[in-house]
Amino acid sequence: MSPALKSVSQPTRLPLQKDNVKVRDAKLSDAPQLATLMCELGYETTRAGMRRRLKSILSDTRYRTFVAESSRRICGMIGSLTHASHVHNGPSGKIVALVVSKKQRRSGIGRALVAAAEKHFANRRVTRVSLTTRFTREQAHQFYEALGYSKTGLRFGKNLRREQARHASA
C-alpha cells in the first residue's frame, strides 16, 4: 500500500442520502455550474474562465473529471490527474480538486466522488494517490483521513505570473 494511504482497512462507504444523485463524467456544458462550485471553494472564476479550463482538461487524457448531479443540477465535482513520477515506479494519481455544494455537504456525495476517482485510478493501474488541501480546511482533513488518506508533507506554491512580469519589466 502506498505511503499516501493508511494501512488500516478502508471505512465502509456511506450510501448517498439522496436517491436522485448520480456521478457522471463532466462535459463542457457543465462549466457554468462548475464555476459556481469553484467560487464556493474560494477560487474565484468566471463561467468563461471555467469553460476555457474545462475545455483544456477534457481534451487531456491524463485528467478525468466527475460531477455529482441531482435534479439536473451539479452539486459536486472531483478532478483527477494520472501522471508519471520521478520518485515512484508506475503511474501516480492526484486528486486535483474536490468540492461539494455547501447545501449538500455531509450527505455522502464527496465519498461517492472520491470512490469514482479511486476506481478510475485503479483502472489505470495507479497505486499511489495524493492530494493537497489548505491548512484551514480542518473538516476536509477529517474527511480525507476518514477515507484512509494520511498527512505526508507540506505543499508550497508560488505564483510565477507575477515573477515573470516583474523580470520582464526589469
Side-chain angles (χ1 to χ4, degrees), residues 1-14 23-28 30-31 34-35 37-45 49-68 74 76-100 105 108-167:
M1 186 168 277
S2 76
L5 299 175
K6 289 184 178 179
S7 60
V8 297
S9 63
Q10 293 291 328
T12 303
R13 301 234 187 257
L14 296 176
V23 175
R24 63 166 174 79
D25 283 294
K27 50 191 176 192
L28 195 56
D30 296 330
L34 292 179
L37 284 175
M38 287 296 112
C39 290
E40 275 193 34
L41 196 56
Y43 298 101
E44 293 300 317
T45 190
M50 191 69 221
R51 182 177 168 81
R52 278 191 304 275
R53 280 186 243 151
L54 194 56
K55 188 174 184 180
S56 176
I57 288 167
L58 293 176
S59 69
D60 189 330
T61 60
R62 297 173 302 164
Y63 288 89
R64 188 78 180 263
T65 305
F66 295 103
V67 297
I74 293 174
M77 70 80 63
I78 191 167
S80 67
L81 169 66
T82 302
H83 59 92
S85 171
H86 291 89
V87 296
H88 302 290
N89 294 327
S92 293
K94 182 170 185 175
I95 294 174
V96 180
L98 173 63
V99 60
V100 174
R105 290 183 186 157
I109 293 170
R111 286 179 181 266
L113 288 165
V114 170
E118 288 178 350
K119 182 177 179 181
H120 170 69
F121 286 140
N123 289 339
R124 296 203 64 183
R125 302 209 184 326
V126 167
T127 58
R128 181 172 282 96
V129 177
S130 65
L131 60 92
T132 58
T133 181
R134 291 183 180 172
F135 288 119
T136 57
R137 296 186 194 211
E138 293 179 14
Q139 288 183 335
H141 305 168
Q142 293 168 4
F143 169 77
Y144 291 121
E145 288 174 341
L147 293 179
Y149 290 82
S150 60
K151 295 175 187 170
T152 60
L154 297 174
R155 176 184 68 160
F156 292 86
K158 180 179 181 180
N159 187 338
L160 294 179
R161 180 169 275 166
R162 286 188 222 153
E163 289 291 317
Q164 291 167 349
R166 192 176 80 206
H167 291 299

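Index from 1, following the sequence. This one's a predicted model, so the numbers in the text were calculated from it and none came from an experiment.
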Next on the checklist: side-chain contact (heavy atoms from CB on, under 4.5 Å) for D25 and T65? Distances and angles first, verdict last.
Outcome noted: CA-CA 6 Å; D25 283 294; T65 305; over 6 Å; no

Item to check | Steps toward side-chain contact (heavy atoms from CB on, under 4.5 Å) verdict (I95, F121) | outcome: CA-CA 10 Å; I95 294 174; F121 286 140; 4.2 Å; yes

What's the spacing between [X] [atom1] and [Y] [atom2] if we round to 0.5 Å?
| X | Y | atom1 | atom2 | answer |
| --- | --- | --- | --- | --- |
| L113 | M77 | CG | CE | 8.5 Å |
| K119 | F66 | NZ | CZ | 9.0 Å |
| H83 | K94 | NE2 | NZ | 7.0 Å |

Next on the checklist: Tell me every residue that passes salt bridge (Lys or Arg N to Asp or Glu O under 4.0 Å) with R53, counting only those two or more places apart in sequence or in another chain.
Outcome noted: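 R53 satisfies salt bridge (Lys or Arg N to Asp or Glu O under 4.0 Å) with no other residue.
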
Checklist entry - Are the side chain of R51 and the backbone N or O of A31 linked by a donor-acceptor pair below 3.5 Å? => result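 No: the side chain of R51 does not pair with the backbone of A31.
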
With [X] via side-chain contact (heavy atoms from CB on, under 4.5 Å) - residues at least two apart:
| X | answer |
| --- | --- |
| R124 | T82, H120, V126 |
| K55 | L28 |
| I74 | R24, D30, Q33, L34, L37, V67 |

Considering non-hydrogen atoms only, spot the tightest contact between [X] and [Y] and give its length.
| X | Y | value |
| --- | --- | --- |
| V23 | A116 | CG1-CB, 3.9 Å |
| P91 | R125 | CG-O, 3.6 Å |
| E44 | C39 | OE1-SG, 3.6 Å |
| H88 | S85 | N-OG, 3.2 Å |
| A68 | I109 | CB-CG2, 3.5 Å |

Item to check | Derivation of the side-chain contact (heavy atoms from CB on, under 4.5 Å) call for S80 and Y63 | outcome: CA-CA 6 Å; S80 67; Y63 288 89; over 6 Å; no

Next on the checklist: As a quick check of understanding, evaluate side-chain contact (heavy atoms from CB on, under 4.5 Å) for R105 and V99, giving each step before the final call.
Outcome noted: CA-CA 9 Å; R105 290 183 186 157; V99 60; 4.2 Å; yes

Checklist entry - Sequence neighbours excluded, which residues qualify as side chain to side chain donor-acceptor pair (under 3.5 Å) partners of N123? => result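 With neighbours one apart ignored, the set is empty.
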
Checklist entry - Under the side chain to side chain donor-acceptor pair (under 3.5 Å) test, which residues partner R52, sequence neighbours left out? => result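 Partners of R52 under the side chain to side chain donor-acceptor pair (under 3.5 Å) test: none.
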
